[in-house]
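Notes for the one structure printed next.
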Amino acid sequence: MKRVLVVTGGGDCPGLNAVIRAIVKRASKEKDWEVIGSIEAYNGILREPTEIMILDEKAVSGIHFQGGTIIKTTNKGGPFAWPIKNSDGTWSAVDRSEEMLRKMQYLGIDAVISIGGEGSQRISQLLYEKGCNIIGVPKTIDNDLSATDTTFGFQTAVQIATEAVDKLVTTAASHNRVFILEVMGRYAGWIGLNAAIAGGAEICLIPEIKYDVKKVLEKVESRFVRDRGFVNIVISEGARPAGGDFATTSNNTVGYNNLRLGGAAQRLAEELTEAGCRQDIRTTVLGHLQRGGIPVAYDRVLATQFGVKAFEMVLEGKFGEMVSYRHPDIISVPLTVAIDQYNFVGLDTALVKTARGVGISFGD
Ligand code: F6P
């Protein structure tokens with residue numbers, strides 16, 4: 001029997017379970033393959049005792065619409081930077097990749113499918129360079145990977161953010177208020193831009209276009225006549241004023257190396273008040289609601305396509321590559337290409353032109 005190990009790494013994302021299920025279902029058509037999952041990314045392999053689970057058809061039955069990941073995930077540490085506590089109470093990181101590869105060999109693992117975002121695929125490339133038969137499956141709600149047209153999870157996040165705008169519009173209109181909705185997306189404004197267009201927001205602030213608070217205020221005021229009116233602003237967590245930096249929240253979690261974004265909406269509310277805004281302002285931070293729960297149908301379909309393709313790439317020996325969606329095809333691209341470029345919102349793209357066309361202000 002040959003064994004393929006499945007790992008889910010980084011932040012969770014609606015559709016992860018649909019990928020796992022598709023891998024298992026496709027593998028079950030081959031008589032000589034068994035699928036196993038490592039619990040919490042590679043931690044399951046690295047821990048003593050090992051934490052792995054057999055992924056057979058029974059284990060994945062009916063999980064295609066479940067959020068999260070049945071094999072759990074983490075965005076801390078990893079085989080190349082495993083956190084260890086020093087005797088003085090401080091933490092440092094050690095490289096346990098060789099040990100992990102030896103352990104995988106001992107467990108009879110012939111191939112690995114790593115479902116994860118940019119950080120996880122960087123780990124995939126390093127493991128591939130060390131001889132691991134690995135295949136990547138892209139995952140992110142942020143849509144910030146450039147080697148694929150899109151990823152599963154993104155449409156679900158946009159849907160949730162749009163529903164939030166829809167809800168805030170009615171309360172904003174009832175109270176003559178300015179509402180600022182902060183959405184995720186890290187350094188890319190895809191979720192914000194799509195939710196602003198779909199939800200009919202008047203202002204959309206994204207990381208790719210630094211805003212001028214005076215321009216934002218002009219647009220806000222243009223929406224009020226004798227203090228009657230309302231405005232909905234969608235702001236990406238990575239949005240910044242001209243000359244300003246990212247809004248961040250403190251983060252002292254061991255092994256977590258990402259900048260933790262947060263606070264952009266509150267900062268904008270303060271900037272608007274300081275600039276002379278006379279209207280009542282309220283902020284809402286949508287946060288992890290964008291990542292939880294049931295994936296929309298589009299994401300389930302894409303996730304299923306990715307899972308089937310990933311296992312077929314194992315059969316074809318296309319190691320060191322990542323599954324990618326290039327409409328209308330599911331293809332494979334080298335991992336090196338996949339991690340090469342961040343997918344920012346292009347300033348001249350149709351989506352930005354559409355937003356401007358319907359009068360959405362980017363505060364520029
Ligand atoms: O990359 C997905 C994402 O949800 C980002 O949009 C967000 O900045 C980050 O992860 C939040 O990470 P955490 O779950 O560690 O708070």
Side-chain angles (χ1 to χ4, degrees), residues 7-17 19 40-41 43 67-69 72-78 81 83 114-124 136-148 150-162 164 181-196 204-208 234-240 245-267 284-296 299 302-303 322 338-339 341-345:
V7 294
T8 49
D12 70 335
C13 176
L16 282 171
N17 282 327
V19 181
E40 244 182 51
N43 292 357
T69 159
K72 302 191 182 288
T73 186
T74 178
N75 53 13
K76 301 193 282 275
S114 170
I115 314 167
E118 193 221 358
S120 303
Q121 301 315 339
R122 282 187 194 284
I123 292 175
S124 301
V137 175
K139 166 248 55 159
T140 162
I141 63 161
D142 305 328
N143 197 34
D144 56 359
L145 286 167
S146 61
T148 180
T150 189
T151 52
F152 62 88
F154 170 62
Q155 288 300 337
T156 303
V158 169
Q159 185 66 32
I160 295 166
T162 302
L181 173 70
E182 180 175 319
V183 299
M184 283 185 165
R186 219 180 271 286
Y187 307 115
W190 294 107
I191 297 176
L193 180 53
N194 280 273
C204 176
L205 304 178
I206 58 174
E208 293 84 349
V234 176
I235 185 166
S236 299
E237 60 182 359
R240 294 170 281 177
D245 210 344
F246 297 114
T248 56
T249 58
S250 66
N251 176 41
N252 47 16
T253 317
V254 174
Y256 188 94
N257 293 319
N258 296 327
L259 198 59
R260 224 173 133 197
L261 300 173
Q266 185 54 33
R267 174 172 68 185
T284 302
V285 180
L286 199 49
H288 292 79
L289 289 176
Q290 290 157 99
R291 282 197 349 216
I294 296 172
V296 297
D299 286 337
L302 188 61
M322 186 186 81
I339 57 181
Q341 269 188 331
Y342 198 83
N343 183 26
F344 290 110
V345 172

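All ligand and atom numbering here is 1-based and tracks the order in the structure. Both backbone and side-chain heavy atoms feed into the values below; hydrogens, waters and symmetry mates do not.
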Name each N or O atom in ligand 1 that is under 3.5 Å from a protein N or O, and give the partner atom and the distance.
from	atom 1	to	atom 2	distance (Å)
ligand 1	1 (O)	D142	OD2	2.6
ligand 1	1 (O)	R186	NH2	3.4
ligand 1	4 (O)	R291	NH1	2.9
ligand 1	6 (O)	D142	OD1	2.7
ligand 1	6 (O)	G185	N	3.2
ligand 1	6 (O)	E237	OE2	3.3
ligand 1	8 (O)	E237	OE1	3.3
ligand 1	8 (O)	E237	OE2	2.6
ligand 1	10 (O)	R186	NH2	3.4
ligand 1	10 (O)	R291	NH1	3.1
ligand 1	14 (O)	H288	NE2	2.9
ligand 1	14 (O)	R291	NH1	2.9
ligand 1	14 (O)	R291	NH2	3.1
ligand 1	15 (O)	N75	ND2	3.0
ligand 1	15 (O)	Y256	OH	2.9
ligand 1	16 (O)	H288	NE2	3.1

Distance from [X] atom [atom1] to [Y] atom [atom2], nearest 0.5 Å?
{"X": "I191", "Y": "T140", "atom1": "CD1", "atom2": "OG1", "result": "7.0 Å"}
{"X": "E237", "Y": "R260", "atom1": "CD", "atom2": "CZ", "result": "10.5 Å"}
{"X": "L259", "Y": "T248", "atom1": "CG", "atom2": "OG1", "result": "5.5 Å"}

Set of residues satisfying salt bridge (Lys or Arg N to Asp or Glu O under 4.0 Å) with respect to R122, sequence neighbours excluded = E118
message = For T73, give me all partners under side-chain hydrogen bond (donor to acceptor under 3.5 Å, both in side chains), at least two apart in sequence or on another chain.
response = none
ask   = With S146, which residues qualify under side-chain contact (heavy atoms from CB on, under 4.5 Å), at least two apart?
value = Q341, N343
